Amino acid sequence: MAFHLFYNATFFHLDESDLTSDAIIVENELIMACGAYEDLAIAWPQAKQINLKGTFVLPGFNDAHIHLWKVGSLMSHIVDLRGFNSKEKVLDALKSAGEKNPHRDEWILARGFNEAMWEVPSLPDIRDLDTVFPDRPCQIMRTCAHIVIVNSFTLKRAGIDKDTPDPEGGMIGHFENGEPNGILYESALKLISVYIPEITEKQYKRMILDAQEECLGMGITSITDPEIYQPQLKAYEELEKEGLLKIRINLFPVHLPALTPVKPKISKGKCDRKLQIDTVKFFADGGLSGQTAALFRPYLGSENNGILRMERDYFFKRAKKTQEKGWKIATHAIGDAAIEQVISIYKDLKKEENNQLCHRIEHLGLPQEKNLQDMQELGIIAVSQPAFVRELGPNFRQYLDEEYQKGIYPYQKILNEKVTLAFSSDAPVVKDFRPLTGIKDSMERKDLNGFIHNKEEKVSMKNAFLAYTKGGAMADGQAGIKGELAPGFLADFIVLDKNPFSTSLDDWENIQVLEVFIGGESVFNK
């Protein structure tokens, strides 16, 4: 048997005791013991010793909601519009992309703009794109991924005109004269996506592997990719067969797949697979930053209440069938109206077959107090993104009334109600998706303009770390094997050059992830 003794570090277990150790023993992929170096060296004299040189060790971070392949697509496949502060700069970036790829039959695809951060905060439309691309297909996606803008050439190719009806759960934008303005919301995006050339399996695999390396450099050892269709599923499965997946990955098919739910298990001291597939994804509404999340009260200065994606009866029938087949459910719900609908569905599912399954709500932007109480009672897990407060906070202040602003992403209330909370990034919706940044966001709640959103909802440093480690493991249904440094747990841990618990938040930018171990094996070394 191969034993490894990791020593000369501060191992922070992130358990209830707040104790630390200076050494751990790892066999195969599991932690066998934690304690004092002298004791472990005597008990395991045959162990290979690995000196971590006075560093600080934490359980690996679990990003419980990150679109991994989409992160990779912005690294190699489409134009990244995140961070631009004006429409003109966005158009310049598109023009530059077109010059680099002059073939007029090839699509120009881009993602990531946030008009609330522009000097003139209004959505671009068909006229803007037509000035850059009058004769080739072009689509730009807002950072929330719930709104796209296309040019006239693309609308014509898709057969969309002033008489085209809105699809269920979506909307086609129009000018005052009734002509389409090129802005498409929610399910209306599918009117265009069917015309975009399919990404090849080779391209998907490249995107996943590129994003995997990016995650490892941030100390992320487990992720959930929460929107998967058959082509991406196939790419992930092929990468696992080829032994190229390093991080542990939980996949959420959007449509009920014709396969049996499966999750990793420990057998003979090893984890039998990297992929977990046991949860189906639903969408109840859109995003707050783009004013498509479903609200009971309208957005500030408008008559718009956002979009509920599904009628309740249709939603329940699909959810019931999903649960009956043994699948857990994760539902995107941000606005209070959407959250209310989802919880009412989950309540009814408790009367159906397989009612012991633990479901999730993704994002949970504006829950009411009664919603949190119901979530605790029903065992519903909240998976949310503290980075939204930082990167999208200016949108919330622009689009939400004062009462809604007081209730945005109420993390301390969630914890007070003893609802399981898992943190994540939803990258590439946000540009900076480092877990250490997200943890800091949940403690400071400060947006890009320096405004602090609801200081009473700040969480403690330990609770923030727990939400990015143990919380994610609980959301995966893997609380017994991930998210802690403890005997019997997977040896997934990260080595930092500084102890964040004794480092000023102002100096967190300088904390380095030096090495990452997954299953006791080094998979990243700075």
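Position 1 is the first residue of the sequence; numbering continues from there. Because the structure is a prediction, the values reported are computed rather than measured.
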What residues form a salt bridge (Lys or Arg N to Asp or Glu O under 4.0 Å) with [X], not counting sequence neighbours?
X: Glu509; value: Arg434
X: Lys270; value: Glu29
X: Arg82; value: Asp80
X: Lys347; value: Asp374

Less than 6.0 Å separating the ring centroids of [X] and [Y]?
X: Phe451; Y: His453; answer: yes
X: Phe517; Y: Phe6; answer: yes
X: His332; Y: His65; answer: no

Check your understanding: Below 4.0 angstrom, N of the basic side chain to O of the carboxylate: do Lys205 and Glu242 qualify?
Key -> yes
Name all pairs fulfilling the salt bridge (Lys or Arg N to Asp or Glu O under 4.0 Å) condition that reach into [range], sequence neighbours left out, sorted by first residue then second.
range: residues 54-73; value: Lys70-Glu227
range: residues 406-421; value: Lys413-Glu457
range: residues 331-340; value: Glu340-Lys370

**Study point:** Of Thr469, Ile223, Thr221, Asp476, the residue whose pairing with Asn62 passes side-chain contact (heavy atoms from CB on, under 4.5 Å)
**Key:** Asp476
**Study point:** Which residues share a side-chain contact (heavy atoms from CB on, under 4.5 Å) with Lys440, sequence neighbours left out
**Key:** Glu444, Leu505, Trp508
Practice item. Tell me, please, which residues at least two apart from Pro435 pass side-chain contact (heavy atoms from CB on, under 4.5 Å). Key: Phe61, Met218, Ile220, Tyr468
Check your understanding: Which pairs pass ring-ring contact (aromatic ring centres under 6.0 Å, His included) with one or both residues in residues 208-232, sequence neighbours excluded?
Key -> Tyr229-His255
I'd like a table of donor-acceptor pairs (distance under 3.5 Å, sequence neighbours excluded) in which one partner is a side-chain atom from residues 33-40, with atom names and distances.
unit_1 : atom_1 : unit_2 : atom_2 : d
Tyr37  : OH     : Gln49  : OE1    : 2.7
Tyr37  : OH     : Gln49  : NE2    : 3.4

Study note, to complete from the structure: Sorted by chain and residue number, the side chain to side chain donor-acceptor pair (under 3.5 Å) partners of Ser344 (sequence neighbours excluded) come out as Arg312
